Amino acid sequence: MCASPTRFVARNPWFRDHYCCERCGSIPRQRAVALVVEELYPHWRDLDIHESSPSGPLSARLARECARYVPSHCFPGVKHGTVHEGIRCEDLECMTFPDRSFDLVVTQDVFEHVFDYRRAFRDVIRTLRPGGAHIFTTPKYKGLRKTEDRAVRERGKVVYLSEPEYHGNPIDQNGSLVTVHYGDDICEIVWNETRCPTTTYVIREDKTGTIGEFMEVFVTAKW
């Protein structure tokens, strides 16, 4: 991530969130996404990039080095498409960006918190130009053949199908509700909604500190 000699240290056995670079503080999945972006899109600094729910050193690097980087958060109570505290407010299920606005869309551990994730996959592809890609991480559970919804939205209310589970949220100290556990069919789900192929990259290297759980990086390419 910081392109410098460093040391990776974990003081917790859950490496995915705790195997940190001593220089920049990045964690394994962030470093894996950076490697995939660099490999597939080495000219990424010259592209139009949208990142939903940015957080951490990778987001900071994209913002710092890409002049046409657009971050967004879904702020409660804020009109979509407007700027709030310097960041655009967008809902992945119904974004206000015009068609074919971006070359890359990046989401890091976001899609497990989206209620209508099928609609969101479609809308991400809508905002991409041909030849562009959605590069994302989200936990894919080993041994889970079919994706399982954990919470749904009915008539404006949340209906829990499993014990509520929350992950960290950069704009809400109460965290983000996990709405879905993805299984082996995640790429099939994306294909059925978008008719765009998804490639799964799994990088596990000592030298880049890409060691941990849920290390898949998914790349959905728009035709």
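Index from 1, following the sequence. The model shown is predicted, which means the values in this text are computed figures rather than measured ones.
Cys21 is linked by a side chain to side chain contact (heavy atoms under 4.5 Å, CB included) to Cys2, Thr6, Phe8, Arg23, Cys24, Ser26, Arg31, counting only residues two or more places apart in sequence or in another chain. Annotation: salt bridge (charged side-chain N to carboxylate O under 4.0 Å, His left out) contacts of Asp109 (sequence neighbours excluded): Arg16, Arg29. Applying the side chain to side chain donor-acceptor pair (under 3.5 Å) criterion to Thr127, with sequence neighbours excluded, gives no partner residue. In terms of the side chain to side chain contact (heavy atoms under 4.5 Å, CB included) criterion, residue partners of Glu154 (sequence neighbours excluded) are, by chain and number, Val152, Val159. Residues satisfying the salt bridge (charged side-chain N to carboxylate O under 4.0 Å, His left out) criterion with Glu51, sequence neighbours excluded, are absent altogether. In this structure Arg7 satisfies the salt bridge (charged side-chain N to carboxylate O under 4.0 Å, His left out) test together with Glu22, sequence neighbours excluded. Residues satisfying the salt bridge (charged side-chain N to carboxylate O under 4.0 Å, His left out) test with Asp116, not counting sequence neighbours, are none.
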Would Gln30 and Ile27 count as a side-chain contact (heavy atoms from CB on, under 4.5 Å) here? Give the steps. CA-CA 6 Å; Gln30 295 165 349; Ile27 56 177; 3.4 Å; yes
Apply side-chain contact (heavy atoms from CB on, under 4.5 Å) to residues Asn169 and Asn174 and explain how you reach the verdict. CA-CA 7 Å; Asn169 185 334; Asn174 294 318; over 6 Å; no
Test side-chain contact (heavy atoms from CB on, under 4.5 Å) applied to Thr210 and Tyr19, step by step: CA-CA 9 Å; Thr210 46; Tyr19 194 38; over 6 Å; no
Derivation of the side-chain hydrogen bond (donor to acceptor under 3.5 Å, both in side chains) call for Thr107 and His134: CA-CA 8 Å; Thr107 59; His134 178 201; 2.9 Å; yes
Evaluate the criterion ring-ring contact (aromatic ring centres under 6.0 Å, His included) for residue pair Phe97 and His80; output intermediate values, then yes/no. CA-CA 10 Å; Phe97 296 115; His80 299 162; over 10 Å; no
Does the pair Thr82 and His84 meet the rule for a side-chain contact (heavy atoms from CB on, under 4.5 Å), with working shown? CA-CA 6 Å; Thr82 61; His84 176 70; 5.5 Å; no
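Applying the salt bridge (charged side-chain N to carboxylate O under 4.0 Å, His left out) definition to pairs two or more places apart or across chains, those involving residues 160-183 are Arg150-Glu165. Each ring pair (Phe, Tyr, Trp, His ring centres under 6.0 Å) pair with one or both residues in residues 142-171, not counting sequence neighbours, appears once here: His113-His167. A side chain to side chain donor-acceptor pair (under 3.5 Å) check over residues 95-105, counting only residues at least two apart or in different chains, returns the pairs Arg88-Thr96, Glu90-Thr96, Asp99-Arg126, Asp103-Arg129. Screening residues 51-73 for ring pair (Phe, Tyr, Trp, His ring centres under 6.0 Å), with sequence neighbours left out, gives His73-Phe75.
Here the side chains of Asp184 and Lys140 are in contact, with some heavy-atom distance below 4.5 Å. Counting heavy atoms from C-beta on, the side chains of Trp223 and Pro197 come closer than 4.5 Å. You'll find the side chain of Val180 stays beyond 4.5 Å of the side chain of Phe111, heavy atoms only. You'll find the side chain of Pro28 stays beyond 4.5 Å of the side chain of Ile211, heavy atoms only. Side-chain contact between Ser55 and Gln108: absent, with no pair of heavy atoms (C-beta onward) separated by less than 4.5 Å.
For the residue pair Trp14 and Glu213, no side-chain donor N or O sits within less than 3.5 Å of a side-chain acceptor on the partner.
Other residues, nucleotides and ligands contribute only 12 or fewer heavy atoms inside 6.0 Å of the CD atom of Gln173.
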Donor-acceptor pairs are to be reported for all side-chain atoms of residues 198-207 against protein atoms at under 3.5 Å, with residues two or more places apart or in another chain.
{"residue": "Thr198", "atom": "OG1", "partner": "Thr220", "partner atom": "OG1", "Å": "2.7"}
{"residue": "Glu205", "atom": "OE1", "partner": "Thr208", "partner atom": "OG1", "Å": "2.8"}

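Minimum interatomic distance between Ser52 and Val110 (heavy atoms only, all atoms of both residues): O-CG2, 3.7 Å. Of all heavy-atom pairs between Pro54 and Pro170, the closest is O-CG, 4.0 Å.
The residues Arg68 and Asp48 are annotated as salt-bridged, a charged nitrogen and a carboxylate oxygen being separated by less than 4.0 angstrom. Between Arg145 and Asp185, no side-chain nitrogen of the basic residue sits less than 4.0 Å from a carboxylate oxygen of the acidic one, so the salt-bridge criterion is not met.
Remark: of the listed residues Arg153, Arg118, Arg122, Arg153 is the sole one forming a salt bridge (Lys or Arg N to Asp or Glu O under 4.0 Å) with Glu93. Results of the ring-ring contact (aromatic ring centres under 6.0 Å, His included) test with Phe136 over Tyr117, Tyr182, Phe218 single out Phe218 as the only residue that passes.
Ring planes of Phe214 and Tyr141: perpendicular class, angle over 60° (limits at 30 and 60°).
When the side chains of ILVMFWY residues are joined at heavy-atom separations under 4.5 Å, either directly or via intervening members, Val219 and Ile49 end up in a single hydrophobic cluster.
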